[in-house]
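Report on the following structure.
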Amino acid sequence: MDFELTPEQREIRGVAREVALAEIEPHAAEWDRAHGFPRSLLDALGALGLLGVCVPEKYGGAGADFVSYILVLEELSRADAGVGVTVAVHTSACTLPILAFGTDAQRARFVPPLARGEQVGCFALTEPGAGSDAGALVTRAEPAEGGWHVVGAKQWITNAAFGGPVLLFARTDPETRTACGVSAFVVDGRQIEVTRTEEKLGLNSSVTNDIAIDAVVDADRLLGEEGHGFRIAMATLDGGRIGIAAQAVGIAQAAYDVALRYAQERQTFGRRIADHQAIQHKLANMSMEIDAARLLTLRAAWLKANDRPHTEEGAKAKLFASETARRQTAEAIQVLGGYGYTKEFPVERYYRDAKITEIYEGTSEIQRLVIARQILGERQAVASE
Ligand code: CAA
């Protein structure tokens, strides 16, 4: 067993940490208030290869492995979790499934602009009546001249307002009501209408939209086989959840960093609060849980990087890391006391940002269901393709 990162993984993490410290972290509070970051940030990340970290060079990416990508997500999220999710959805939930399930022609056409950051991708599965029960989706695609007529509405779509490609799931078999009979399509941003921008508790620098579609998409936009869309969605989320685990680790680490520093400066009863056992126990628990969450995340990432089954391990990583982030950002506020509750320190933002990691890309309840189905042998462990 080797717990060391490779020189390449360390180098990419270093690049991400450097840009996060210089270009992201100093602005995160302002972007939280302004509800957005400048598009030029994505150009800068694209130029560094961070919008296609684990995409082969032949398709415009940096050609690194999935572990490197996960390290990048942790660093970006440590600085600003909204930037983290933007990159995570763009990469895990749009670029990588096109790479995994696309034909050679689809890969050559759609992946390079995404990997270079010229376009920002999104993933449209959820609907007003289909969240945890994703198989209940009602957006439909009917055969039309030259392709498919896609009609429906999707909800809570991260990145839709960027106008880039949308990996969209629609029912192609009208006789079905569940996860069967669903197909995946790569839809152009111009073919959807953004109908709403969501106001959220946290993650304010990222954009979350409702969208509607009523358009004919060309036949060559079908990704994978007709009727296999739900499997594509599930395999995509298997990898995506590892990215959300990394995001949660980044948020928890950021909160811990602030709490640790503060505990060594703040004095009460004539000594640093770090000298009080009550605070020491909090810091010890934070450090332990973050370590455990990171190790679960890296194990799942390593499995995926090596084309091994990772459904259960990814769900465990996401579940544990997200609950750690929620618990430990709350503890960080507790260490800072009244200051932690104000906007003078960033821990209140970390606390708001952490909560969503227990909800999106599958709630904690769904992660437990996924884990239970695996350990009870109700689902076979599958690799990503
Ligand atoms: N890999 C590949 N295929 C899989 C799979 C996996 N991990 N898991 C299931 N499948 C396949 C099954 O084999 C089955 O295929 P066949 O019918 O061809 O045999 C099909 O998918 C249906 O599987 P299930 O019967 O297990 O489906 P289900 O209806 O019971 O649902 C579920 C399973 C796990 C609850 C699923 O609905 C789910 O994951 N729900 C949560 C949805 C979710 O995570 N949404 C996130 C939205 S995206 C987002 O949040 C992005 C963002 O903004 C950050």
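For ligands, and for the atoms within them, numbers begin at 1 and follow the listed sequence.
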key: Flag for Gln253-Asp257: side-chain donor and acceptor within less than 3.5 Å   = yes
Ligand 1 to Asp238 polar contact by distance, N or O atoms, under 3.5 Å = yes
remark   = Taking only non-hydrogen atoms of Thr158 and a 4.0 Å limit, the atoms of ligand 1 in range are 52 (C), 53 (O)
remark   = So the atoms of ligand 1 within less than 4.0 Å of a heavy atom of Phe230 turn out to be 20 (C), 21 (O), 22 (C), 27 (O), 37 (O)
request  = State whether the shortest distance between N or O atoms of Arg241 and N or O atoms of ligand 1 falls below 3.5 angstrom.
outcome  = yes
Ligand-residue contact atoms, ligand 1 with Phe123, heavy atoms, under 4.0 Å = 48 (S)
note = In ligand 1, the atoms that come under 4.0 Å of a heavy atom of Thr311 are 7 (N)
query = Should Arg78 and Glu74 count as an ion pair when the cut-off is N to O under 4.0 Å?
reply = no
message = Side chain, backbone, both or neither: which applies to Arg373 and ligand 1 if a contact is any heavy-atom pair less than 4.0 Å apart?
response = side chain
ask   = If you count the atoms of ligand 1 from 1 in the order shown, which ones are under 4.0 Å from a heavy atom of Thr126?
value = 47 (C)
query = Which ligand 1 atoms, with their elements, are less than 4.0 angstrom from a heavy-atom of Val89?
reply = 52 (C), 54 (C)
request  = Flag the pair Lys304 and Asp238 as a salt bridge only when some basic side-chain nitrogen lies within less than 4.0 angstrom of an acidic carboxylate oxygen.
outcome  = no
inquiry  = Contact between ligand 1 and Gly131 is defined here as a heavy atom of the residue under 4.0 Å from a ligand atom; is it met?
reply    = yes
inquiry  = Using a 4.0 Å cut-off to any heavy atom of Ala179, which atoms of ligand 1 qualify?
reply    = 22 (C)
